[in-house]
Amino acid sequence: MKIICVGRNYVEHIEELNNEKPKEPIIFFKPTVSLNKSTDFSLPEFSNDIHHEIEIIFEIGKEGKMIELKNSLSYISKIGLGVDFTARDIQKKNKKKGLPWSFAKCFDNSASISKLMNINKFKEINNINFSLLKNKVKVQEGNSKLMIFNIEYLIHYISQKITLEKGDIIFTGTPKGVGKISNQDILEGYINDEKILNISIN
Ligand code: ZN
């Protein structure tokens, strides 16, 4: 499987990091050792500025390439929340030099995910509320209707370039409110008011 991530998919998050609004989706990947289904996340030693990015995630249910927009949703089997942990200090340094983000995004457990739920549970894919609490304080809140490129388009777009396989996970981008995490923080993620994600930082 592969982990496919979308960058800069919410206007207010683009503004908080002073980035430009993209004309087509910004896609990057994470390796399988980044996948973390446990409720613990250990801070890597090479960064002093690890940020949380709460995101809606989708699991692909069947293989597809060159998927037509109208068929996109039939390729999704499950939905959940993920935290795209990001070493913001390394990302800033690399962006300045025009270098790849690799180790800003790719490290052990940097794609931490909640339990996944059947997609049929969600009637309106483009109207899903989600939020992240850090130590019981709400720090991020979003709705899938605010995505610049919606999920149907993302599946269509990505599958024009690379084959989607059963089990692939797509991170769909983070809303505003990203911030630093520290040892002993507790992160809790809610989707449509249901708590499905719980991560202790250590
Ligand atoms: Zn992200």
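Remember, it's 1-based here, ligands and their atoms both numbered in the order they're listed. All values below come from the heavy atoms of this structure, side chains included, with hydrogens, waters and symmetry mates left out.
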Does atom CD of Glu20 have more than 12 heavy-atom neighbours from other groups under 6.0 Å away?
-> no
The number of protein N, O or S atoms lying under 2.8 Å from the Zn ion (ligand 1) is 3
Requested in this report: In plain terms, say whether Lys195 and Glu188 are close enough for a salt bridge, that is, a side-chain N and a carboxylate O under 4.0 Å apart.
Outcome: yes
Which donor-acceptor pairs under 3.5 Å do the side chains of residues 90-99 make with protein atoms, sequence neighbours left out?
unit_1: Gln91; atom_1: OE1; unit_2: Arg88; atom_2: NH1; d: 2.8
unit_1: Asn94; atom_1: ND2; unit_2: Pro100; atom_2: O; d: 2.9
unit_1: Lys95; atom_1: NZ; unit_2: Asn19; atom_2: OD1; d: 3.1

Exactly one candidate in Ile26, Ile148, Thr174 meets side-chain contact (heavy atoms from CB on, under 4.5 Å) with Arg8; the answer is Ile26
Next item on the list: Give a yes or no on whether the ring-centroid distance for Phe46 and Phe103 is below 6.0 angstrom.
Entry: no
Note to self: I want to check a possible cation-pi pair here: Lys78 against Phe58, using under 6.0 Å from ring centre and within 45° of the ring axis as the test.
What the structure shows: no
